[in-house]
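Below is one structure, written out as structure tokens; comments come after it.
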Amino acid sequence: MKYRSTRGGVSGLSFVEAVMMGLADDGGLLVPDSIPNVSEEMASWADASYGELATAIMSRYIDDIPHEVLSELVRTAYASFDHPDVTPVVQVGDVHVLELFHGPTLAFKDVALQFLGAVFEWVLERDAKAINIVGATSGDTGSAAIAGVRGKRNINIFIMFPEGRTSPTQELQMTTVSDANVHNIGVEGSFDDCQSILKETFSDIEFKRAHSLAAVNSVNWTRVLAQVVYYFFAWYRIGQPAQFEVCVPTGNFGNIFAGYIARQMGLPISRFILATNENDILHRFFSTGVYSRGEVKQTHSPAMDIQVSSNLERYLYFLMGCSGENVRQFMAQFVNEGHAEIPMNTRILDDCFHSGAADNEATLKTIRDVYDETGYVLDPHTAVAMHVASSHRGDGPLLVLSTAHPAKFSEAIGLAGVPVVGHPSLDQLSELPTRKQVIPADVDTLKQTIVQLSAH
Ligand SMILES: *Cc1c(COP(=O)(O)O)cnc(C)c1O
């Protein structure tokens with residue numbers, strides 16, 4: 001399988017080359033040349049463990065890592081999860097909930113980042129190279145990325161987060177990590193400021209090469225690929241229905257895009273219910289075809305407080321007939337004018353996406369209602385999905401993706417009037433020493449910081 005950029009300027013990359021490039025050199029996102037259909041093999045995977053399924057699915061997209069090595073990387077990645085199923089499915093009322101939070105930082109991003117960390121380590125060892133990972137987080141990516149590479153040789157990691165805007169627990173999960181290769185950077189600005197500084201740093205190709213920058217944000221194709229697996233896994237666990245609906249709490253469009261890939265591969269997902277919080281750029285896009293930036297609002301589901309969804313570009317690429325030119329024009333217009341519309345003549349109507357938004361009040365009410373009815377405690381991100389799903393679902397089986405453990409967001413759980421749940425891995429954090437550096441939202445300051453700290 002080869003990879004190319006959504007903007008047409010890069011092509012012919014192998015999987016490992018695509019992983020190492022992160023964001024494509026032309027500013028686009030890397031996508032596979034084709035999406036393999038696996039309908040024929042699906043029956044033979046019914047009894048596979050999570051690791052076996054992951055190896056089988058991901059090997060369709062990876063031909064430059066030997067099969068035994070891939071299988072070992074998968075094993076290493078998921079050994080840190082606290083459930084034998086890795087991503088178990090539980091029944092909550094008449095909804096199947098896919099719990100994606102059994103990894104080391106208790107959020108779904110561990111599923112991809114534990115694997116990405118293992119891939120990086122193997123490639124760098126093989127090629128005798130070192131990298132500086134630079135990432136931005138609205139909360140959960142940072143700690144999950146850090147957990148994926150802490151203490152690994154040949155890797156430094158720099159994580160930017162909007163200073164004071166992540167939850168206290170999320171910040172502690174990053175700043176209490178004491179490994180010397182981990183650098184936390186609080187940015188005085190919003191998450192979108194962090195993302196735009198990140199994009200700017202990576203688009204300085206000379207700087208990127210000179211300092212061997214690598215990406216862990218969901219622009220990295222490996223993240224999407226690792227997430228494709230659990231859509232299949234869940235389908236087996238709910239009894240291989242002829243069709244099912246999936247509701248995904250969405251921010252950067254990474255998780256739900258992985259579901260879209262699974263559907264293109266033959267998984268019988270009848271439709272997606274895309275759920276956003278009050279930051280509803282994607283809900284507006286899917287209901288009007290217009291992609292327009294709004295003001296970022298702080299909500300109870302901070303990992304979804306996003307007004308520019310970087311992974312949407314991959315979907316646009318497929319929607320616009322795999323034309324790099326069309327994507328380039330659309331993104332240029334969006335950057336220059338703050339909004340862009342899918343041109344009618346290139347819009348290949350795809351009605352598999354339905355969408356809705358939940359405000360803070362609905363989020364808390366859903367946490368309370370679901371607890372009262374079933375005794376199950378939802379984290380606020382999953383509550384956004386539950387709320388939207390309840391008004392958009394059809395008659396068939398419904399799978400809701402649960403993206404975080406409720407212990408990570410105890411403030412919202414408390415506000416909802418539901419007993420707060422704890423988790424042993426979080427209980428110790430407030431007693432540990434912390435490390436971070438605070439910088440203004442400025443790309444040159446970030447570059448200086450990287451140069452200084454990577455020299456040690
Ligand atoms: C990152 C995150 C999301 C949003 O996922 P995207 O891939 O950005 O759409 C939702 N919930 C939680 C808990 C997250 O950490």
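Values in this document were obtained by computation on a predicted structure and should not be read as measured data. Just follow the structure's listing: the first ligand is 1, and inside any ligand the first atom is 1. We number each residue from 1, following the sequence as shown.
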Contact atoms of ligand 1, heavy-atom distance to [X] under 4.0 Å:
X: Lys109; result: 1 (C), 2 (C), 3 (C), 14 (C), 15 (O)
X: Phe253; result: 6 (P), 8 (O), 9 (O)
X: Gly254; result: 6 (P), 7 (O), 9 (O)
X: Gly251; result: 4 (C), 6 (P), 8 (O), 9 (O)
X: Thr250; result: 9 (O)
X: Ala303; result: 2 (C), 12 (C), 14 (C), 15 (O)

Between [X] and [Y] (salt bridge meaning N to carboxylate O under 4.0 Å), is one present in this structure?
X: Arg4; Y: Asp33; value: yes
X: Lys152; Y: Asp179; value: no
X: Asp94; Y: Arg393; value: yes

Please collect all salt bridge (Lys or Arg N to Asp or Glu O under 4.0 Å) contacts where either partner lies in residues 181-192, sequence neighbours excluded, each pair once.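 For residues 181-192, and leaving out neighbouring residues, there are no salt bridge (Lys or Arg N to Asp or Glu O under 4.0 Å) pairs at all.
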Provide the closest heavy-atom pair for Asn360 versus Glu278 in the form atom of the first, atom of the second, distance.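 Between these two residues, the closest heavy atoms are N-OE2, 2.8 Å.
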For atom 13 (C) of ligand 1, what is the closest protein heavy atom, and at what distance to 0.1 Å?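 Here the nearest protein heavy atom works out to Asp140 OD2, 3.1 Å.
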Whether the side chain of Asn220 engages the backbone of Val216 through a donor-acceptor N/O pair (distance < 3.5 Å, no angle test) should be reported.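 Between the backbone of Val216 and the side chain of Asn220 there is no qualifying donor-acceptor contact (under 3.5 Å).
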Under 3.5 Å, N or O to N or O, is [X] touching ligand 1 that way?
X: Asn255; value: yes
X: Phe108; value: no
X: Ala404; value: no

Which option out of Leu282, Thr403, Asn252 puts a heavy atom nearest to atom 6 (P) of ligand 1?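 Among Leu282, Thr403, Asn252, the closest heavy atom to atom 6 (P) of ligand 1 comes from Asn252.
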Return all side-chain donor-acceptor pairs below 3.5 angstrom for residues 413-432, not counting sequence neighbours, or 'none' if the list is empty.
residue: His423; atom: ND1; partner: Ser425; partner atom: N; Å: 3.1
residue: His423; atom: ND1; partner: Ser425; partner atom: OG; Å: 3.1

For the residue pair Phe81 and His102, is the inter-centroid distance of their aromatic rings smaller than 6.0 Å?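 That pair fails the under 6.0 Å test.
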